[in-house]
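If you read the sequence from its start, that first residue is 1, and numbering goes on from there.
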Amino acid sequence: MKVSANFDIREFVSKKIYDRWGTDSSWFINQRVVNLAQFYRDFFTRYFRNKDANVSHVIIVINTWFYGGKDEYSGFREPEGKEGASLSQHRFCNAFDADIIIVYKDGTKKEADYKQIHKIIEDYNDIFMEAGLTAVESVEDAPTWLHSDCRWIPNQKKILTVRYKK
């Protein structure tokens, strides 16, 4: 079931949730997360095309289990699950982890540099906040993906960078 122009509900829930709830899995998803993922695809496609005319588009990869991939807990994580922290924003469906893949017109693909992605988010802070982003995980803790969340932060002026505590 499509939940936005480029995303399916299964990209935001585990196989266990989808197998039980089907398209009603949307009940467990914060629409702000879906909207932010779609914003990322649109924004980063424009951004990288403006830098390089050979860029076709950008793919935002979240869960991949439904087409044979290994990622199943990059979106909503069930309260009883063992993935990640017990009070992670994923448990409240306020977060997702994404791989950002730049696709070129010749079909080649390259994963984004996440230090560069963090810098872009910092440079365009107000635009990303308007799109619903309130926090990212530090690139030191998440060097090969982008953790994004939509937690409520009253009177927020700048996107928060969080560190994972074990």
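Leu160 and Met129 are assigned to two separate hydrophobic clusters, defined by single-linkage of ILVMFWY side chains at heavy-atom distances under 4.5 Å. Val34 and Tyr73 end up in different hydrophobic clusters when Ile, Leu, Val, Met, Phe, Trp and Tyr side chains are linked at under 4.5 Å. Using a 4.5 Å cut-off between side-chain heavy atoms of Ile, Leu, Val, Met, Phe, Trp and Tyr, with links allowed through other members, Val33 and Ile153 fall into different hydrophobic clusters.
Taking 4.5 Å as the limit, some side-chain heavy atom of Ser25 sits within range of a side-chain heavy atom of Tyr18. Contact of the Phe128 side chain with the Phe39 side chain is registered, since non-hydrogen atoms from C-beta on lie closer than 4.5 Å. When side chains are defined from C-beta on, Phe43 counts as touching Ile120, because their heavy atoms get closer than 4.5 Å. Contact annotation: the side chain of Phe92 never approaches that of Asp149 to less than 4.5 Å [non-hydrogen atoms, C-beta and beyond]. At least one side-chain heavy atom of Ile117 sits under 4.5 Å from a side-chain heavy atom of Phe44. The closest side-chain heavy-atom distance from Tyr114 to Asp99 is below 4.5 Å.
The backbone N or O of Arg151 lies less than 3.5 Å from a partner atom in the side chain of Thr134, making a donor-acceptor pair. No donor-acceptor pair under 3.5 Å is formed between the side chain of His90 and the backbone N or O of Phe76. A distance-only check finds a donor-acceptor pair linking the side chain of Asp8 to the backbone of Met1 [under 3.5 Å]. Under a 3.5 Å cut-off, the side chain of Lys115 and the backbone N or O of His118 do not form any donor-acceptor pair. At distances below 3.5 Å, not a single donor-acceptor pair connects side-chain atoms of Asn54 with backbone N or O atoms of Lys105.
Looking only at atom types and distance, the side chain of Glu78 has a donor-acceptor partner in the side chain of Ser14 under 3.5 Å away. In this model, a donor atom of one side chain and an acceptor atom of the other lie less than 3.5 Å apart for Asn30 and Asn94. Using modelled atom types, one finds a donor on one side chain and an acceptor on the other under 3.5 Å when comparing Arg163 with Ser138.
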Just distance, no hydrogens or angles: give the donor-acceptor pairs under 3.5 Å from side chains in residues 65-72, sequence neighbours left out.
{"from": "Trp65", "atom 1": "NE1", "to": "Arg10", "atom 2": "O", "distance (Å)": "3.2"}
{"from": "Trp65", "atom 1": "NE1", "to": "Val13", "atom 2": "O", "distance (Å)": "2.8"}
{"from": "Glu72", "atom 1": "OE2", "to": "Lys15", "atom 2": "N", "distance (Å)": "3.0"}

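Among all heavy-atom pairs drawn from Asp126 and Lys157, the shortest one is OD1-O, 4.4 Å. Closest heavy-atom contact between Leu36 and Ser148: CD2-CB, 4.1 Å. When every heavy atom of Ala37 is checked against every heavy atom of Ile62, the shortest pair comes out as CB-CD1, 4.0 Å. Heavy-atom minimum distance, Gly132 versus Cys150: O-SG, 3.4 Å. Taking all atoms of both residues into account, the shortest heavy-atom contact from Ala95 to His147 is CB-CE1, 3.5 Å. Here the closest heavy-atom approach between residue Trp145 and residue Glu137 is recorded as NE1-OE1, 4.0 Å.
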Checking Phe96 against Tyr40 for the ring-ring contact (aromatic ring centres under 6.0 Å, His included) test, could you report, in this order, the C-alpha distance in whole Å, the side-chain angles of both residues, the deciding distance, and whether it holds?
CA-CA 12 Å; Phe96 64 96; Tyr40 278 0; 5.8 Å; yes
Applying side chain to side chain contact (heavy atoms under 4.5 Å, CB included) to Ile9 and Thr23, what does each step give before you reach the verdict?
CA-CA 7 Å; Ile9 189 64; Thr23 58; 5.5 Å; no
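Atom CH2 of Trp27 and atom CD1 of Ile17 lie 12.0 Å apart (nearest 0.5 Å). Here the CZ-CG distance, from Arg32 to Leu133, works out to 10.0 Å after rounding to the nearest 0.5 Å. A distance of 10.5 Å separates CD1 in Ile100 from OG1 in Thr45, rounded to the nearest 0.5 Å. Note that CD1 of Ile60 and CG of Asn6 are 9.5 Å apart. Values are rounded to the nearest 0.5 Å. Rounding to the nearest 0.5 Å gives a distance of 12.0 Å between CD1 of Ile121 and CD1 of Ile127.
Classification of the Phe7-Phe12 ring pair by plane angle, with boundaries at 30° and 60°, yields tilted.
Among the candidates Gln38, Arg41, Gln31, Glu11, the single residue satisfying the side chain to side chain donor-acceptor pair (under 3.5 Å) test with Ser4 is Gln38.
Between Lys119 and Asp113 there is no salt bridge, since no side-chain nitrogen of the basic residue lies less than 4.0 Å from a carboxylate oxygen of the acidic one.
With a 6.0 Å radius and a threshold of 12 heavy atoms from other residues, nucleotides or ligands, Lys82 has its NZ atom at or below the threshold. Environment of CD in Glu130: sparse, with no more than 12 heavy atoms of neighbouring residues, nucleotides or ligands closer than 6.0 Å.
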